[in-house]
Amino acid sequence: MRKLSASILSADFGRLADEVRAVEAAGTDWIHVDVMDGHFVPNITIGPDVVRALRKVTHLPFDVHLMIEKPERTLEAFVDAGADWLGVHVETCPHLHRTIQNIKELGAKAIVTLNPATPLVSIEDILPDVDMVLIMTVNPGFGGQKFIDGALPKIRKCRQWIDERKCSALLEVDGGVNSDTIDGLVAAGVDVFVAGSAVFNGGDYVKNIKVLKDRM
Ligand code: DX5
Ligand code: ZN
């Protein structure tokens, strides 16, 4: 049941369609799309038109991670473009309940995401309403960063909350997931593992994905 979501942030952006086909053939379960606006995070990446173009090359679920201010303005565009799972950061959503309901009304699965310094209590009330919680294990904005060990207690606590409260939410992590960190994440009860550089670096996607999936 555990899933690997390959983050195309670490792919060759000049050959994105081929890269998506290649990681699908290599065995990833989902495609993770990092959307950055240059405001909430320093980097700028992908918009709905790119998601729409990639939608034509794979049937794998798209797990779209919005690292943008005022995400409520673009939910419809991303779902229309082909996002199956759509995630917003709690730090960007003053009306989080409304935003999560909007994502679900649009027909996508709703993800709430927390930065490393954001306490779990900030999503306590929305937990029964979301389809997945994404706990960042790096500060968002770039691939290839070092895993923040201090995120592990939060991940364990979130697993405990989901189980105790009988919520249906999956638990996802993003940032620094690799062969050194994945065992601790499995033990902490993670369901969905986002990996960018651990999938794409070195170019042997079959081997890279096998290394991760053998431990999941
Ligand atoms: C970071 C992104 C991640 C990134 C992870 O802001 O949200 O999805 O691609 O990259 P790695 O796996 O290299 O840490
Ligand atoms: Zn991401």
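Order of appearance sets the numbers: ligands from 1, and atoms from 1 within every ligand. Given the structure is predicted, the values throughout are model-derived calculations rather than measurements.
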(request) Around atom 6 (O) of ligand 1, find the nearest protein heavy atom and jot down its residue, atom name and distance. (result) Gly141 N, 2.7 Å

(message) My understanding is that only one of Asp34, Leu54, Val199, Thr45 makes a side chain to side chain contact (heavy atoms under 4.5 Å, CB included) with Ile8; could you say which?
(response) Leu54

(request) Find all atoms of ligand 1 within a distance of less than 4.0 Å from any non-hydrogen atom belonging to Ala195, and give their numbers and elements. (result) 12 (O)

(request) Verify whether one side chain among Asn201 and Ser10 offers a donor that lies under 3.5 Å from an acceptor in the other. (result) no

(message) For the residue pair Thr99 / Asn102, report whether a side-chain donor-acceptor contact shorter than 3.5 Å exists.
(response) no

(request) For Met36, counting its heavy atoms only, list the atoms of ligand 1 lying under 4.0 Å from any of them. (result) 6 (O)

(request) Please identify which atoms of ligand 1 are closer than 4.0 Å to at least one heavy atom of His65. (result) 7 (O)

(request) Output the list of atoms in ligand 1 that are nearer than 4.0 Å to some heavy atom of Gly175, sorted by atom number. (result) 14 (O)

(message) Please list the nearest protein heavy atom to atom 9 (O) of ligand 1 with its residue and the distance rounded to 0.1 Å.
(response) Ser7 OG, 2.7 Å

(message) Donor-acceptor check, side chain of Lys104 to backbone of Asp129, threshold 3.5 angstrom: yes or no?
(response) yes

(request) For the residue pair Glu172 and His32, establish whether any side-chain heavy-atom pair is separated by less than 4.5 Å. (result) yes

(request) Apply the test salt bridge (charged side-chain N to carboxylate O under 4.0 Å, His left out) to residues Arg2 and Asp29: give CA-CA distance (whole Å), side-chain angles for both, the deciding distance (0.1 Å), then the verdict. (result) CA-CA 9 Å; Arg2 297 194 183 104; Asp29 301 299; over 6 Å; no

(message) Judged on heavy-atom distance to atom 7 (O) of ligand 1, which of Leu134, Val173, Asp174, Thr137 sits nearest?
(response) Asp174

(request) Measure from the Zn ion (ligand 2) to every N/O/S atom of Asp34 and report the name of the nearest one. (result) OD1

(message) Suppose we only allow N, O or S atoms; which atom of His65 ends up nearest to the Zn ion (ligand 2)?
(response) ND1

(request) Write out the residue and atom name of the closest protein heavy atom to atom 1 (C) of ligand 1, then the distance separating them to 0.1 Å. (result) Phe142 O, 3.5 Å

(message) Please give me the minimum heavy-atom distance between Ile111 and Val133, naming the atom from each residue.
(response) CG2-C, 4.5 Å

(message) I need the nearest protein heavy-atom contact for atom 12 (O) of ligand 1: residue, atom name and distance, please.
(response) Gly196 N, 2.8 Å

(request) State the NZ-OG1 distance between Lys213 and Thr28, to the nearest 0.5 angstrom. (result) 6.5 Å

(request) Starting from atom 10 (O) of ligand 1, find the nearest protein heavy-atom neighbour and note its residue, name and distance. (result) Gly143 CA, 3.5 Å

(message) Please list, in number order, the atoms of ligand 1 under 4.0 Å from a heavy atom of Met67.
(response) 6 (O), 7 (O)

(request) Find all atoms of ligand 1 within a distance of less than 4.0 Å from any non-hydrogen atom belonging to Leu9, and give their numbers and elements. (result) 4 (C), 9 (O)

(message) Need the atom name: nearest N/O/S atom of Asp174 to the Zn ion (ligand 2).
(response) OD2

(message) Within this structure, what is the CD-CE distance for the pair Glu91 and Met136, rounded to the nearest 0.5 Å?
(response) 9.5 Å

(message) Which residue is it: Phe193, Phe62, Trp85? I am looking for the one with a ring pair (Phe, Tyr, Trp, His ring centres under 6.0 Å) to Trp30.
(response) Trp85

(request) Mark up the atoms of ligand 1 that fall under 4.0 Å of a heavy atom belonging to Val194, in ascending order. (result) 8 (O)

(request) Considering heavy atoms of the protein only, find what lies nearest to atom 13 (O) of ligand 1 and give residue, atom and distance to 0.1 Å. (result) Ser197 OG, 2.5 Å

(message) Which residue and atom name correspond to the protein heavy atom nearest atom 14 (O) of ligand 1, and how close is it?
(response) Gly176 N, 2.8 Å

